[in-house]
Number of protein chains: 2
Amino acid sequence: MRDVNPRKARRAVSAETDLKQPSGMAKTPRRVRRPKEVRERVLAAALHAFATVGFEGASTRAIANDAQVTQSLLLYHFKTKDELWRAVLQDIASMEKMEQLLASGDDTMTAAQRLMVAIRALVELFAKVPELHRLMTLEAHQPSERLNWIIENVNRAPYEAMCDLIAEAQAEGAVRKISPERLRFAIVGMAAVPFSVSAEYQFLTKRNPFSKIEIEATIDMICGMIFIQQ
Amino acid sequence: MRDVNPRKARRAVSAETDLKQPSGMAKTPRRVRRPKEVRERVLAAALHAFATVGFEGASTRAIANDAQVTQSLLLYHFKTKDELWRAVLQDIASMEKMEQLLASGDDTMTAAQRLMVAIRALVELFAKVPELHRLMTLEAHQPSERLNWIIENVNRAPYEAMCDLIAEAQAEGAVRKISPERLRFAIVGMAAVPFSVSAEYQFLTKRNPFSKIEIEATIDMICGMIFIQQ
DNA sequence: GTTGAACGTGATCGATTGAACAGTCTAAAT
DNA sequence: ATTTAGACTGTTCAATCGATCACGTTCAAC
């Protein structure tokens with residue numbers, strides 16, 4: 001997973017594949033058992049790997065290595081690579097920021113205010129988990145089993161919530177009259193791209209997209225563009 | 001490359017790996033030689049593969065198969081997988097739409113008008129080659145040799161051209177006063193996302209992002225958002 | 001204490017990977 | 001007609017892939 005040029009690297013590095021105890025010690029291995037922690041570490045490593053080299057490009061061995069775990073143990077906790085993938089996305093779907101997207105603000109606020117809260121949550125979500133949009137980009141360009149699964153289990157609810165919010169805010173006269181669906185993809189694009197191509201962003205602009213200042217500026221820009229100024 | 005669940009597919013499908021002549025014919029093989037065509041077909045298949053399953057996920061055999069070519073021939077034309085990757089991006093960089101990004105419009109036009117032309121070229125580029133932004137998303141999230149190569153050989157010139165154009169148009173008072181760099185990433189996000197997640201777009205909105213109508217609507221939306229209306 | 005399920009390991013499998021190689025064939029230049 | 005550089009082929013290689021397996025170790029329930 002880390003080898004950029006597999007062939008040459010294969011020849012150079014000698015094995016050192018899986019993880020094993022430093023053998024030779026006389027005493028009993030005294031194995032540590034932390035299933036919760038193992039799952040967490042594996043999920044984090046897997047998210048990074050899937051979003052970085054794609055589903056087929058990610059190897060369970062490399063993920064296990066990253067998570068400081070043997071490949072066997074990884075496959076013990078997640079029966080197959082496919083199940084691991086699904087567990088990764090389920091983990092994201094249950095994140096805090098994800099839920100903020102669904103219930104943004106309270107009833108005393110106008111739709112425009114609630115939309116603003118939702119946009120902030122969206123930008124902060126992508127800043128916190130830039131892998132999410134990279135992963136979506138990898139999966140969402142052609143119909144597939146995995147895409148259907150993502151849409152129904154992760155995407156649909158926040159999508160429809162935001163479209164409704166946009167339509168309401170438009171009815172209030174606060175937002176530009178554009179197809180809510182098109183506008184929501186535009187918002188996602190503006191909110192996600194600075195983080196999903198962060199290295200390019202940093203290289204070309206000399207600014208860190210993950211810094212508090214840049215995040216706020218991104219939020220301001222999006223709001224400034226979709227809300228009608230008086 | 002096409003196997004979504006490699007393990008099961010491997011077991012099910014019996015070999016049929018490489019491409020070979022239907023042996024048994026008595027006559028001489030009468031091999032066809034079309035190096036230009038071979039290169040083109042391989043480049044197209046490789047672009048699709050790299051953007052779909054990532055660099056490591058794409059196999060030279062699958063690409064060769066897609067291009068109706070033996071793996072040996074692929075590696076004859078492009079010595080290594082890495083060189084093939086570079087050839088793919090060089091091919092994109094020399095596209096017509098790409099050059100339109102650099103020289104948009106003529107001298108008689110205002111900066112705002114030229115920016116509008118550039119935005120149109122950008123959207124049409126992403127519609128024509130949706131793989132481009134998917135590929136960038138895969139590569140541009142962390143510093144790497146390949147990313148540096150892309151930026152210098154593909155990205156930098158159009159990036160700076162658009163930033164300059166934005167700044168000029170802002171000086172004319174035609175464009176919102178936002179950091180040109182930030183604005184250009186926002187434009188790219190809005191222009192690219194509908195196509196790079198086209199299956200999701202189609203599934204959720206029931207509209208085809210590649211249709212003439214949607215493309216025009218996307219262009220209009222972007223222009224409507226960045227230009228100041230009077 | 002014993003038991004049994006859950007946790008964790010190393011070895012191994014068939015398949016597939018990128019690459020190298022020794023050839024065969026074609027077409028254009030001489 | 002001969003040469004030769006380039007186009008193309010099938011075979012083979014070590015490395016790595018996802019997955020399975022038999023086997024230890026731990027811990028809580030009884």
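Numbers restart at 1 for each chain; the letters A, B, ... are given by sequence-line order, proteins then strands. Everything numeric here is computed off the predicted structure, so don't read it as measured data.
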When the ring planes of A:Phe126 and A:His133 are compared, do they come out parallel, tilted or perpendicular, using 30° and 60° as the limits?
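Rings of A:Phe126 and A:His133: perpendicular, over 60°.
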
Can you label the angle between the B:Phe55 ring and the B:Trp85 ring as parallel, tilted or perpendicular, going by 30° and 60°?
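B:Phe55 vs B:Trp85 ring planes: perpendicular.
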
For a quick test of reading the model: is some side-chain N or O of [X] closer than 4.0 Å to OP1 or OP2 of [N]?
| X | N | result |
| --- | --- | --- |
| B:Tyr76 | D:dA7 | yes |
| B:His77 | D:dG6 | no |
| B:Ser59 | C:dT16 | no |

Rounded to the nearest Å, what distance is computed from the [atom1] atom of residue [X] to the [atom2] atom of nucleotide [N]?
| X | N | atom1 | atom2 | value |
| --- | --- | --- | --- | --- |
| A:Trp85 | D:dG18 | CH2 | P | 16 Å |
| A:Phe78 | D:dA19 | CZ | C1' | 16 Å |
| B:Gln68 | D:dT9 | CD | P | 12 Å |
| B:Lys79 | C:dA19 | NZ | P | 12 Å |
| A:Arg34 | D:dT26 | CZ | P | 13 Å |
| B:Glu56 | C:dA19 | CD | C1' | 16 Å |
| B:Leu75 | D:dT12 | CG | P | 18 Å |
| A:Gln71 | D:dA19 | CD | C1' | 7 Å |

So does A:Ser72 reach the base of C:dG10 with its side chain, donor to acceptor, closer than 3.5 Å?
yes

What I want to check is whether an N or O donor and acceptor connect the side chain of A:Arg33 with the base of C:dA6 at under 3.5 Å.
yes

Do we see a donor-acceptor contact under 3.5 Å between the side chains of B:Glu181 and A:Tyr201?
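No, because no side-chain N or O of B:Glu181 sits under 3.5 Å from a partner of the opposite role on A:Tyr201.
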
Can B:Glu214 and B:Asn208 be counted as having a side-chain donor-acceptor contact under 3.5 angstrom?
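B:Glu214 vs B:Asn208: no donor-acceptor pair found between side chains.
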
A:Lys79/A:Glu83 salt bridge by N-O under 4.0 Å criterion:
no

Which of the following nucleotides, D:dC8, D:dC17, C:dA19, is nearest to the side chain of B:Arg61?
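Among the listed nucleotides, the one closest to the side chain of B:Arg61 is C:dA19.
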
